[in-house]
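No experiment lies behind these values; they were computed from the predicted model shown. When a ligand or atom number is given, it counts from 1 through the structure's own listing order.
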Amino acid sequence: MPTESAFVAVVERMRRDTADRNPASRAEHQRARAVLPGGTTRTILHHEPFPLTFVSGDAGTLTDADGHTYVDLVGDYTAGLLGHSDKRVHAAVAEALSNNTSVGGVHPNEIRFAELVCSRFGHQRVRFTNSGTEANLMAITLSRIVTGRSMIMVMYGGYHGGVFYYSHGNAPWNAPFPTIVAPYNDLDACEELINEYGPDLAAVIVEPMLGSGCVPADARFLSGLANAAQRAGAIFITDEVMTSRHGARGLADLLGVRPDIATFGKYFAGGFSIGAFAGRAELLDRFDARNPDAIPHAGTFNNNVATMSAGCVVLSEIFTSDAAITLTARGEELRARIDDVLHQHKLPLSITGFGSMNAVHALARRPTNGKDLLDRDPALQEALFLALLSRGVYTAPRGTLNLGLAVTEWDLDHYLIALDESLGELSEAM
Ligand code: PMP
């Protein structure tokens, strides 16, 4: 990366233009900052000059407070898989809520949702939580208790929730477990670390694709890591909070890997808050409250009626295995089309991803691990984001594109034209 990016001046101009085009969002941002630190309640939503305020959505598009409509390729960071107006989820939730809004007891849809998760993803037991973060916290806690060990291994660049955030290695805001941060896609280095720390290692947790950056695991790496973890007596956890959308049973399955515990979340409940962790009965039954030494697992909203009812419709009617396979193929095709557009310009950009989750990087060579992602040119990354925004396409500022079910071929054509035009504009700055 050059010390001073050629794109710094362009970004400054684009920030000003974005601010000028969005007076209503700017006013909302100023109002928000008086009560929400920085004007948001989710760090990832922040970008310069200020995050837009969205007031409505329809299918694969979003409309902001100033009346601009965007093709939505953020897809709420994969939670918005269904798009913005799926009436089947609304109807199922409305019907369930009309019978009972908040039940301090077991609900039939909770049992049905659990059956659907277990049969689809090949697990014996599942427990629900409110978020992916909590699902990972519980999976790690269970691993520490069953192994009687304390340490966890995570990947540099990995993300498992607000308190498991390793984009720059370990950090003070993370859950205070003894933690080893290992290099993604480097099996030899991981095996060495596992050999060194094995007797203390409770769990190895890994995303089959690094979600922040869409860097897929090499199949040999993931299966080698699973074997090494299991040989050392550690629990192998795949975080499929994002990647369970790929193929019929998630990305680990496509790569031929079976975890001891898998975690889920995001799209699982059609946009309602959700997390889940699943695995073999011998592990998960440690939560069986009929046993005197059961591990407690609390959470007022773990089985809330809206989430449980939405989840049933999502997995049984909308995002069936067939729908998941089709979306994965559509995403693969999209990545190839984006790659073609990138090759028509001379900018230092590359694309990585799998299926419906892809990322365009301000980096000439494709990143293969978390450290590579740090070499992106932040000014070019931001300039691309703002250039697309000005052309009616909402992507994640870090470059990720999450293709959802409601995004049409017309929407994708619009995006590809906007990408081509944006790259033309940015090439002039070089
Ligand atoms: N794991 C992965 C791979 C994620 O992408 C996320 C969310 N971005 C989480 C865990 C945490 O999920 P949540 O935001 O629901 O806590």
Side-chain angles (χ1 to χ4, degrees), residues 40-46 73-81 117 121 126-141 143 152-167 171 173-175 177 179 181 184 203-217 222 236-246 250-252 255 257 259 261-278 299 301-302 304 306-307 310-311 314 352-359 369-370 373 395-404:
T40 73
T41 205
R42 261 170 101 179
T43 300
I44 201 166
L45 299 188
H46 176 74
L73 291 176
V74 174
D76 197 2
Y77 291 86
T78 73
L81 173 70
V117 173
F121 295 96
V126 63
R127 276 263 171 148
F128 296 117
T129 61
N130 296 283
S131 67
T133 305
E134 266 181 79
N136 286 322
L137 185 59
M138 292 311 300
I140 288 169
T141 299
S143 305
I152 60 169
M153 180 188 264
V154 301
M155 297 296 136
Y156 195 105
Y159 183 82
H160 307 290
V163 296
F164 300 107
Y165 185 10
Y166 307 101
S167 61
W173 49 78
N174 283 331
F177 299 127
T179 300
V181 185
Y184 197 68
V204 174
I205 181 165
V206 63
E207 296 158 87
M209 169 162 75
L210 293 180
S212 13
C214 293
V215 175
L222 201 65
F236 185 67
I237 305 170
T238 50
D239 178 339
E240 295 244 50
V241 165
M242 283 184 162
T243 54
S244 66
R245 58 159 55 193
H246 301 310
L251 185 51
L255 296 175
V257 172
I261 302 176
T263 60
F264 304 99
K266 297 285 193 195
Y267 72 89
F268 243 47
F272 288 87
S273 46
I274 178 71
F277 58 105
F301 296 112
N302 285 353
N304 77 82
T307 295
V314 170
T352 59
F354 186 87
S356 56
M357 291 167 53
N358 293 292
N369 61 44
L373 292 169
T395 59
R398 68 185 180 198
T400 42
L401 313 158
N402 299 308
L403 176 61

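Contact record, Thr352 with Cys214: OG1-O, 2.7 Å, taken as the closest heavy-atom pair.
Remark: ligand 1 atoms within the under-4.0 Å shell around heavy atoms of Asp239 are 1 (N), 2 (C), 3 (C), 10 (C). Close approach to Glu207 involves these atoms of ligand 1, each under 4.0 Å from a residue heavy atom: 3 (C). The contact set between ligand 1 and Met242, taken as ligand atoms under 4.0 Å from a residue heavy atom, comprises 5 (O). Near Asn136, the atoms of ligand 1 lying under 4.0 angstrom from a non-hydrogen atom of the residue are 1 (N), 10 (C). Near Lys266, the atoms of ligand 1 lying under 4.0 angstrom from a non-hydrogen atom of the residue are 5 (O), 6 (C), 7 (C), 8 (N). Under a 4.0 Å criterion applied to the non-hydrogen atoms of Gly132, ligand 1 contributes the atoms 11 (C), 12 (O), 13 (P), 15 (O), 16 (O). Taking every non-hydrogen atom of Val241 and a distance limit under 4.0 Å, the qualifying atoms of ligand 1 come out as 1 (N), 2 (C), 4 (C), 6 (C), 9 (C), 10 (C). Distances below 4.0 Å separate heavy atoms of His160 from the following atoms of ligand 1: 1 (N), 9 (C), 10 (C).
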*Start with the C-alpha distance between Tyr166 and Thr179, add both sets of side-chain angles, then the distance that settles side-chain contact (heavy atoms from CB on, under 4.5 Å), and finish with yes or no.*
CA-CA 11 Å; Tyr166 307 101; Thr179 300; 4.2 Å; yes
*asked:* Let's go through Arg245 and Ser356 carefully: what are the C-alpha distance in whole Å and the side-chain angles of both, what is the deciding distance for side chain to side chain donor-acceptor pair (under 3.5 Å) to 0.1 Å, and is it a yes or a no?
replied: CA-CA 8 Å; Arg245 58 159 55 193; Ser356 56; 2.8 Å; yes
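At least one N/O-N/O distance between Thr133 and ligand 1 falls below 3.5 Å.
Side chain of Thr395 to main chain of Leu401: no donor-acceptor pair is present (N/O by atom type, distance under 3.5 Å, no hydrogens or angles). Listed for the Asn130 side chain is no donor-acceptor partner under 3.5 Å among the backbone atoms of Ile274.
If you check which protein heavy atom lies closest to atom 6 (C) of ligand 1, you get Tyr159 CE2, 3.6 Å.
If you take CE on Met357 and OG1 on Thr243, they are separated by 6.5 Å, rounding to the nearest 0.5 Å.
Between Tyr165 and Trp173, the two ring planes are tilted [angle within 30° to 60°]. Relative ring orientation between Phe177 and Phe164 is described as parallel, the plane-to-plane angle staying below 30° on a 0-90° scale split at 30° and 60°.
The closest approach between any non-hydrogen atom of Gly211 and ligand 1 is not below 4.0 Å. Residue Glu240 places no heavy atom under 4.0 Å from ligand 1.
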